[in-house]
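The structure under discussion appears below in the form of structure tokens.
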Amino acid sequence: MSARIDAGGDRYDAIVVGGGLAGMMTALELRPLRVGLVSLRNLGEWTSSAWAQGGIAAAVGDDDSPALHAKDTVAAGAGLVEQRVAARLAADAPHPIERGASHGVRFDREDAAHYALGREGAHSRRRILRAGGDATGAELVRAIALAVHEAPSIVPIENATALDVAVRDGRVCGLVVRLDDGRVVTLHSAAVVLATGGLGGLYRYTTNPTTSRGSGIALAARAGARLADLEFVQFHPTALDVPSDPLPLVTEALRGEGAFLVDGKGRRIMDRVDPKGDLASRDVVARRVFAIRSTGGGVLLDARAAAGAAFPERFPTVFAACAKYGIDPRTEPIPVVAAAHYHMGGIDVDLEGRTNVRGLYACGEVAATGVHGANRLASNSLLESVVYPERIANDIRALQRTHASSPRVAFAAPAAADVATAYPPDVDATPGEWVALRDLMYFHVGVERDRVGLEAAIEGLDGLARATCSRELRDAATVGSLVARAALRRHETRGSHARSDFPVLVANERHRSFSSLADLGSVAQPA
């Protein structure tokens with residue numbers, strides 16, 4: 001249930017939008033400030049972070065170091081990682097691990113003094129901390145949600161939809177929200193943190209919640225925020241190929257333990273494709289899986305020798321997902337498909353999580369920090385979601401001190417009736433509209449792209465945005481069109497961005513890309 005809020009809204013020291021790991025961690029770090037925590041569902045439910053299997057990357061092993069972690073991050077990012085950002089993230093990594101443990105996160109351990117560490121693709125060391133084998137995200141979200149509910153200064157506003165960031169005179173003054181009872185109110189604050197997750201739900205095949213449609217990007221863009229690296233969407237090569245939406249993830253940790261990919265005839269598909277074989281970076285493996293399936297073939301992950309009879313104990317989440325569809329990974333290979341998994345792009349932020357709009361912050365998958373480059377290193381995403389909240393909280397406290405020592409600026413709140421008129425109840429998009437959008441994204445703005453397909457996607461997405469009466473669909477089509485436009489502008493193949501008409505990496509394209517709502521002209525304007 002939503003918090004008890006008057007029709008005129010309420011005032012907070014900060015408002016956080018997002019009920020996943022990044023949002024809840026930010027709210028915790030902001031204590032004892034009064035925080036409104038806006039969540040689309042109940043806290044922790046239906047979030048990508050809760051479904052994360054692999055773990056958190058941190059250089060805590062005896063043979064590891066932050067410098068090695070940063071080096072692997074830079075190498076995976078295909079030339080676009082901001083090296084100073086990667087170095088600081090790797091250096092900061094051990095601290096939030098201990099903070100998580102202090103909040104009750106039960107990380108897997110070898111013994112009382114050592115964490116049990118796994119290895120994933122493109123990592124040079126075993127540095128993946130896990131919990132519950134392959135249930136790391138679920139354990140993190142469980143513990144952090146409990147801590148949030150026990151914090152009296154945090155006000156959960158659950159089952160609510162963020163409609164717009166309120167900005168006046170170039171700075172944030174609040175958030176317009178539709179509560180679970182249908183009322184539209186303005187929550188007032190000089191600081192808003194967007195932690196709304198990614199955009200995998202825009203794609204036909206995804207491992208993300210289908211509600212992850214880039215809503216935070218749309219909110220930020222309307223508020224005037226700069227966007228970055230939108231064209232870089234990471235596809236996980238091993239989503240379970242079953243009749244489910246979204247698709248269950250088959251963790252990369254299986255390949256880290258020796259599982260390998262084969263075609264329908266049992267031939268290993270990564271032989272002679274990359275020196276790292278099945279542990280090549282995700283973009284390489286995903287393109288190989290996509291290419292085989294595009295010709296009508298099937299791809300399977302053979303984990304029989306790697307996990308064998310111990311599969312249910314070592315990888316309980318994957319085993320349960322397989323069992324639900326009649327697959328026994330102990331005795332048969334697992335059918336897989338490449339699916340949208342993580343967005344490296346998003347809202348452009350600096351090292352403290354600040355956007356170019358005063359008082360607006362972003363963290364987690366919705367933020368583009370510059371650490372992932374063109375291809376995220378596995379398990380750096382959960383790490384980012386626990387590192388940036390502390391930085392953002394420290395900056396908001398500094399903002400509070402500045403406001404306390406300077407003349408207050410009064411922001412006239414719109415009358416409740418005016419807000420309700422401006423935001424009438426949304427119209428549900430039809431199933432056919434969502435299918436059309438998700439097919440455009442997967443087949444034209446997906447694993448492989450070309451000019452013809454991208455232009456067709458832009459035309460189709462812009463048409464959907466203009467024609468629909470659904471605000472939610474319009475926002476989704478707008479974000480998809482921004483991603484397609486960014487992909488059309490990059491004339492090369494780099495990391496997760498693969499252009500069949502520009503198949504090679506180009507030296508003078510080694511730059512990050514930036515976008516804004518202005519790229520769309522009038523298409524994205526609210527009806």
Quick one: closest heavy-atom pair of Leu482 and Ser516, and the distance? CD2-O, 3.6 Å
Is it possible for you to check whether Arg268 lies under 6.0 Å from the centre of the six-membered ring of Phe260, through NZ or CZ, and within 45° of that ring's axis? yes
Check this for me: does any side-chain nitrogen of one of Asp164 and Arg471 sit under 4.0 Å from a carboxylate oxygen of the other? yes
Other residues, nucleotides and ligands only: do more than 12 of their heavy atoms fall within 6.0 Å of CD on Glu455? yes
Check this for me, if you would: do Arg88 and Glu352 make a salt bridge, where the nitrogen-to-carboxylate-oxygen distance has to be below 4.0 angstrom? yes
Report yes or no: is the cationic atom of Arg376 (NZ for Lys, CZ for Arg) closer than 6.0 Å to the six-membered ring centre of Tyr342, at no more than 45° off its axis? yes
Check whether Arg499 reaches the backbone of Ala487 with its side chain - one donor and one acceptor, N or O, closer than 3.5 Å. yes
Any sub-3.5 Å donor-acceptor pair from Glu158's side-chain atoms to Leu43's backbone N or O? yes
Are the side chains of Leu179 and Ile157 in touch, meaning some heavy atoms are under 4.5 Å apart? yes
To the nearest 0.5 Å, atom OG of Ser481 lies from atom CG of Leu202 at 11.5 Å
Do Ile144 and Met25 pass the side-chain contact (heavy atoms from CB on, under 4.5 Å) test, and can you show the C-alpha distance, the side-chain angles, and the key distance before you say yes or no? CA-CA 7 Å; Ile144 302 305; Met25 282 292 293; 3.6 Å; yes
Short side-chain to backbone donor-acceptor contact, Arg438 and Gly201, under 3.5 Å: yes
The side chain to side chain contact (heavy atoms under 4.5 Å, CB included) partner of Glu252 among Gln53, Arg119, Arg282 is Arg282
For the student: nearest non-hydrogen atoms of Val427 and Ser470, plus distance: O-CB, 2.9 Å
Return the CG to CD1 distance between Leu360 and Ile15, rounded to the nearest 0.5 Å. 11.0 Å
Determine, stepwise, if the pair Tyr423 / Val176 fulfils side-chain contact (heavy atoms from CB on, under 4.5 Å). CA-CA 9 Å; Tyr423 298 93; Val176 181; 3.7 Å; yes
NZ/NE/NH1/NH2 to OD/OE distance under 4.0 Å, Asp395 and Arg391: no
Please check: side-chain N/O of Ser379 versus main-chain N/O of Ala57, any donor-acceptor pairing under 3.5 Å? no
Could Asp229 and Arg512 be called an ion pair, given the rule that one side-chain N must be under 4.0 Å from one carboxylate O? yes
Any donor and acceptor pair, going by atom type alone, linking the side chain of Glu492 with main-chain N or O of Val506 inside 3.5 Å? yes
How are the rings of His123 and His69 set relative to one another: parallel (under 30°), tilted (30 to 60°) or perpendicular (over 60°)? tilted
Check this for me: does any side-chain nitrogen of one of Arg474 and Glu472 sit under 4.0 Å from a carboxylate oxygen of the other? no
Looking at every non-hydrogen atom in both residues, tell me the closest pair between Asn356 and Ala225 and how far apart they are. OD1-CA, 3.2 Å
Is it true that the side chains of Trp51 and Thr207 contain a donor and an acceptor less than 3.5 Å apart? no
With side-chain contact (heavy atoms from CB on, under 4.5 Å) as the test, would you mind laying out the steps for Arg354 and Val349 before giving the verdict? CA-CA 5 Å; Arg354 295 176 292 223; Val349 298; over 6 Å; no
Go through the side-chain N and O atoms of Thr210 and Asp245 and say whether any donor and acceptor fall under 3.5 Å apart. no
Roughly how far, to the nearest 0.5 Å, is CD1 of Ile292 from CD1 of Ile269? 4.0 Å
Exceeds 12 heavy-atom contacts within 6.0 angstrom, atom CD of Gln83: no
Is a side-chain N or O of Ser244 found less than 3.5 angstrom from the main chain of Leu247, in a donor-acceptor match? no
CA sep, side-chain torsions, deciding dist, call: Phe235, Tyr205, side-chain contact (heavy atoms from CB on, under 4.5 Å): CA-CA 9 Å; Phe235 286 77; Tyr205 297 118; over 6 Å; no
Between Asp475 and Arg213 (salt bridge meaning N to carboxylate O under 4.0 Å), is one present in this structure? no
Are side-chain heavy atoms of Ser385 and Cys363 found at a separation under 4.5 Å? no
Rounded to the nearest 0.5 Å, how far apart are CG of Leu261 and CZ of Arg255? 6.0 Å
Do we see a donor-acceptor contact under 3.5 Å between the side chains of His236 and Thr238? yes
Contact between Asp462 and Arg485 at the side-chain level, heavy atoms closer than 4.5 Å - yes or no? yes
Do you know which two heavy atoms are closest between Ala86 and Val74, and how far apart they sit? CB-CG2, 4.2 Å
Check Lys276 with Asp274, please: is the shortest side-chain N to carboxylate O separation under 4.0 Å? no
Take Arg293 and Asp241, measure what salt bridge (Lys or Arg N to Asp or Glu O under 4.0 Å) needs, and give me the verdict at the end. CA-CA 11 Å; Arg293 285 181 55 87; Asp241 187 15; 2.9 Å; yes
Hey, does the side chain of Asp501 reach the backbone of Asp450 with a donor-acceptor pair shorter than 3.5 angstrom? no
Between Thr369 and Glu384, does any side-chain donor sit less than 3.5 Å from a side-chain acceptor? yes
Nearest heavy-atom pair of Gly370 and Val85: which atoms, and what distance? C-CG1, 4.5 Å
Side-chain heavy-atom pair Leu227, Asp348 within 4.5 angstrom cut-off: no
If you draw a 6.0 Å radius around CZ in Arg489, do more than 12 non-hydrogen atoms from other residues or ligands fall strictly inside? yes
Compare all side-chain heavy atoms of Thr493 with those of Val504 and state whether any distance is below 4.5 angstrom. no
Pairwise distance NE2(His444) to CG(Leu461) - rounded to 0.5 angstrom: 9.5 Å
Could you verify whether a donor N or O on one side chain and an acceptor N or O on the other, from Asp72 and Ser124, lie under 3.5 Å apart? yes
Do Asn42 and Asn159 have side-chain atoms, one donor and one acceptor, less than 3.5 Å apart? yes
Does Arg451 reach the side chain of Leu488, with side-chain heavy atoms less than 4.5 Å apart? yes
Thr161 vs Asp180 side-chain heavy atoms within contact, under 4.5 Å: no
Is the side chain of Asp263 donor-acceptor paired with the backbone N or O of Arg267 at a distance under 3.5 Å, no angle test? yes
Does a donor on one side chain sit under 3.5 Å from an acceptor on the other, for Asp283 and Ser496? no
Would you give the length of the straight line joining atom CD of Gln234 to atom OG of Ser381, rounded to the nearest 0.5 angstrom? 8.0 Å
Could you pull out the closest heavy-atom pair between Ala22 and Pro389, with the gap in Å? O-CG, 3.9 Å
Given Glu231, Glu509, Arg490, Arg449, the one that forms side-chain hydrogen bond (donor to acceptor under 3.5 Å, both in side chains) with His497: Arg449
Heavy-atom check, side chain of Leu163 versus side chain of Val177, under 4.5 Å: no
